[in-house]
Structures are given as structure tokens and as C-alpha cells.
Amino acid sequence: MFVKQLLRGAVKHAGSSPQFSVERLISAARGFSSSSQHFGGTHPPPCTDTEHPKVLITGGLGQLGVGLAKLLRRRFGKNNVILSDIRKPPNHVYNNGPFIFSDILDSKNLREIVVNNNISWLIHYSAVLSAVGENNVALAKEVNITGLHNILDIATDHGLRVFVPSTIGAFGPSSPRDPTPELCVQRPRTIYGVSKVHAELMGEYYHHRYGLDFRCLRYPGIISANSNPGGGTTDYAVQIFHTAVKTGCFECNLRSDTLLPMMYIDDCLRATLEFMEAPADSLLSRTYNISAMSFTPHDLVQEMQKVLPELKVTYNVDPVLQAIADGWPMVLEDIAARRDWGWKHEFDLSELVQTMLTHITTSSQRAQAN
């Protein structure tokens with residue numbers, strides 16, 4: 001009604017003022033109509049758990065997106081999962097299912113994608129990680145905070161179920177470290193960690209204020225054989241496998257006794273799917289810790305040397321990365337996730353090492369054969 005009154009007034013008075021712009025008022029009225037949905041208006045109903053969701057994954061060419069798309073396509077169908085990024089995908093990604101350009105900083109483009117593709121789940125993986133973020137704080141703020149705001153607004157306006165990952169980096173030096181519970185002082189000291197705490201709180205605010213179906217998991221360090229490290233503090237635990245198979249040597253940039261929570265990627269992706277499928281009324285929280293194991297570089301090297309006895313590892317500590325790691329949890333407590341939606345990890349350290357070395361060795365042999 002208010003919008004109609006504005007437009008009637010625009011038509012009535014258009015000829016009386018040379019400075020008046022009907023188009024400008026129409027644009028403003030549209031903006032009012034959109035924003036008013038956040039303040040007592042109605043939202044489109046969220047998708048039900050009985051129908052296949054239509055999924056959009058942002059930041060899809062990072063460490064997790066391609067693997068999650070593969071898992072979700074097996075469950076929901078190839079064409080029901082759209083991978084997106086601002087980079088051109090490799091051919092095998094492009095040929096395995098729908099891929100589109102999507103810039104999370106372009107709210108209009110993102111909104112069009114959601115509407116045109118009838119999206120019901122939005123998996124928001126676009127982020128600047130810890131080490132890269134400390135070298136480019138302005139970029140991290142823009143991507144991790146401004147981009148998040150676009151995601152939350154669009155998800156709220158269109159009744160989406162939205163997943164935003166958090167991280168062990170959301171904790172800080174004043175947090176309990178062994179173990180780290182879900183509810184405690186956080187106070188991170190990196191822009192990555194600060195932006196993730198912001199995401200947790202904003203998502204929970206949108207849930208309580210507007211009814212947004214917001215879901216968030218605090219990931220530990222994720223280890224995968226099929227993707228390159230993306231600038232994170234726990235990347236050594238991925239790089240060591242590739243370098244060990246290739247050269248038999250590795251230089252680690254963290255101290256040998258640096259204990260951090262870790263998880264194999266298959267557990268991480270399965271946890272994400274199970275969490276997204278969990279009935280809303282089973283979730284006593286909107287942000288959960290999940291974990292599988294904790295180990296030090298020394299622990300990892302010892303386990304790898306059972307398979308590669310000639311592996312040589314030296315330590316050249318990066319003070320920036322070490323300072324970040326020293327403020328993070330050593331053991332992540334995930335009792336609530338196991339209680340509320342049945343989370344259970346499958347890979348421990350020995351299984352992780354065997355699986356990673358098998359994957360990387362097989363891939364290396366295939367590459368040499370070609």
C-alpha cells in the first residue's frame with residue numbers, strides 16, 4: 001500500500017517539479033519494498049525436507065566446493081547442485097555439472113542467480129583464509145564481511161537454508177585450548193577469525209530476528225589430496241603429503257609440537273551434508289564445533305614414516321603462522337554435534353595417512369604415465 005501511494009504521488013506531481021524523477025522514486029520504492037521484508041514482512045516459505053533442494057555453492061573452486069558438489073549431486077541429482085566462483089573452472093569441473101560465474105560482492109547478480117535457478121540451499125564457501133587475510137586485510141574484510149552480508153540478506157529475502165562455515169580460527173589466545181568448548185571467550189587476533197565470529201553472530205541474529213535457517217560448523221584443519229592449499233595456517237598438513245611423495249623431504253613452517261585439530265575431507269563433507277539435512281527442531285544451536293583428531297607435525301611425520309621410512313623433515317618456523325596457531329584450539333570439543341544430530345567421524349590419524357598417501361601416489365603414477 002505504501003509503495004502504491006508513493007507511485008500515485010509521483011504521477012500526480014511529476015509535471016510540477018523539474019528536479020523530480022519518477023524513475024528515481026520507483027527505484028527507491030522498490031528498495032523500500034525489499035528492505036521492508038526484514039522488518040515484519042513475510043518471507044517465501046523455506047524448502048521442506050521431503051523435496052530435493054536446489055543448491056548453490058559459492059567459492060566453489062576452493063578446497064571444499066568441488067568435493068561437496070560431487071557428494072550433493074550423488075544425493076540430489078547432477079542438475080540440482082550449481083557450483084560457482086569468479087574463476088574459470090578446469091575442464092573436469094566444468095563437465096561434471098552446472099557451473100556459473102558468481103561474485104558474492106555483486107548482490108544483484110547473486111540475487112538473480114538465486115531467483116532464476118530456484119535456489120533453496122546456499123552453501124557459502126567464499127572466503128579469504130587466515131594467512132592470506134593477514135597479508136591483505138582490506139580484501140579479507142570485503143570478501144568475508146561484505147560478502148557475508150549479501151548472502152544473509154538474499155537468503156532471508158528468499159527463504160533459503162544457508163550454510164556458512166566457521167573455523168578453529170574463530171577462537172583466540174584467551175580461549176580455553178584443551179579442550180575448546182562451543183561457548184567460551186573467543187577474541188581471535190586475525191581478520192579471518194574476527195570475520196568468522198562476525199559471521200556466527202550475524203547468522204544467529206538473522207535466525208532469531210528474521211527466522212533465517214542459518215547453519216554453521218566450526219571446521220578444524222581440513223586435509224585433502226585433491227585440492228591445493230588455500231593460504232591457511234594448517235596447510236602444512238596437506239603440503240607434506242605432496243612434497244613427501246615427490247621429493248622425500250619436507251620443510252615445516254610450524255613447530256614440531258604444535259597441536260591442532262584436524263579432519264579428513266570426506267568426514268568434513270559428510271558432516272556438512274548431515275548437518276544440512278538435520279531437522280531444524282533437532283538443532284539446539286546454530287553454530288557447532290566438529291572434530292575428528294588432533295595431532296602435531298611430529299605426530300604426523302611419525303605416522304608417515306611408517307609408510308615412507310626415508311622421509312626427512314626439517315623445521316623453519318614462520319613466526320606469523322606460529323603466532324596464529326598458538327592462539328587456536330589444541331582439541332576441539334564437539335559433544336553437542338554428536339548429541340543433537342548424530343555427528344561421528346570415521347577417519348583417525350593412521351587412516352588419514354594411509355588414504356592420503358594412496359591417493360597422491362596413485363595420482364602421481366597416472367601423471368607420469370601420461
Side-chain angles (χ1 to χ4, degrees), residues 55-69 82-89 93 99-114 119 121-158 160 162-172 186 188-206 212 214-222 224 227-235 238 268 272 287 320-321 324 327-328:
V55 186
L56 174 67
I57 303 175
T58 69
L61 296 183
Q63 183 186 21
L64 302 176
V66 173
L68 184 63
I82 301 174
L83 205 58
S84 72
D85 210 302
I86 59 173
R87 294 176 289 148
K88 181 181 179 182
V93 173
F99 182 94
I100 58 175
F101 173 89
S102 175
D103 181 356
I104 61 165
L105 298 178
D106 185 344
S107 179
K108 183 175 183 294
N109 168 252
L110 191 60
R111 192 177 294 273
E112 289 174 348
I113 291 170
V114 166
I119 298 301
W121 284 14
L122 203 164
I123 311 291
H124 180 48
Y125 275 151
S126 295
V128 175
L129 301 183
S130 56
V132 174
E134 291 307 288
N135 290 322
N136 194 338
V137 173
L139 177 64
K141 288 193 299 182
E142 189 173 29
V143 173
N144 295 4
I145 297 177
T146 303
L148 169 79
H149 293 173
N150 290 338
I151 292 293
L152 294 179
D153 286 341
I154 291 168
T156 300
D157 289 346
H158 297 286
L160 310 186
V162 61
F163 175 80
V164 179
S166 189
T167 166
I168 54 175
F171 298 99
Q186 292 182 252
R189 292 185 179 176
T190 67
I191 186 59
Y192 177 59
V194 169
S195 70
K196 286 302 184 180
V197 173
H198 177 78
E200 294 176 13
L201 295 177
M202 285 296 289
E204 291 181 13
Y205 173 77
Y206 270 62
L212 175 64
F214 170 83
R215 304 183 182 209
C216 177
L217 294 177
R218 293 188 186 121
Y219 288 156
I222 305 302
S224 167
S227 58
N228 295 320
T233 303
T234 58
D235 281 353
V238 177
C268 173
T272 304
T287 300
V320 174
L321 293 181
I324 294 172
W328 283 1

Any side-chain heavy atom of [X] sitting closer than 4.5 Å to one from [Y]?
X	Y	answer
Val162	Leu212	yes
Ser224	Val238	no
Thr234	Trp328	yes

Query raised in the report: Hey, what's the ring geometry for Phe163 with Tyr125, parallel, tilted or perpendicular (30° and 60° as the breaks)?
Result: perpendicular
Starting at [atom1] of [X], measure out to [atom2] of [Y] and round the result to the nearest 0.5 Å.
X	Y	atom1	atom2	value
Tyr205	Leu152	OH	CG	11.5 Å
Thr58	Leu110	OG1	CG	7.5 Å
Arg215	Leu122	CZ	CG	13.5 Å
Asp235	Leu321	CG	CG	8.5 Å

Short side-chain to backbone donor-acceptor contact, [X] and [Y], under 3.5 Å:
X	Y	answer
Arg218	Ala170	no
Gln186	Gly172	no
Ser126	Gly59	yes
Ser84	Ile57	yes

Taking only residues two or more places apart in sequence or in another chain, which ones pass side-chain contact (heavy atoms from CB on, under 4.5 Å) with [X]?
X	answer
Ala199	Leu148, Val164
Ile145	His149, Ser195, His198
Thr146	Leu105

If you take all heavy atoms of [X] and [Y], which pair is closest and at what distance?
X	Y	answer
Ala140	Gly133	CB-CA, 4.0 Å
Val93	Leu83	CG1-CD2, 3.6 Å
Arg111	His158	NH1-NE2, 3.4 Å
Asp103	Asn109	N-OD1, 3.7 Å
Val143	Ile104	O-CD1, 3.6 Å
Asp106	Asn150	N-ND2, 4.5 Å

Report task. Taking only Lys NZ, Arg NE, NH1 and NH2, and the carboxylate oxygens of Asp or Glu, determine whether Lys196 and Glu200 approach each other closer than 4.0 Å. Result -> no
Query - More than 12 heavy atoms from other groups under 6.0 Å of CD1 on Ile86 - result: no
Requested in this report: Return yes if a side-chain donor-acceptor contact under 3.5 Å exists between Ser130 and Thr233, otherwise no.
Outcome: yes
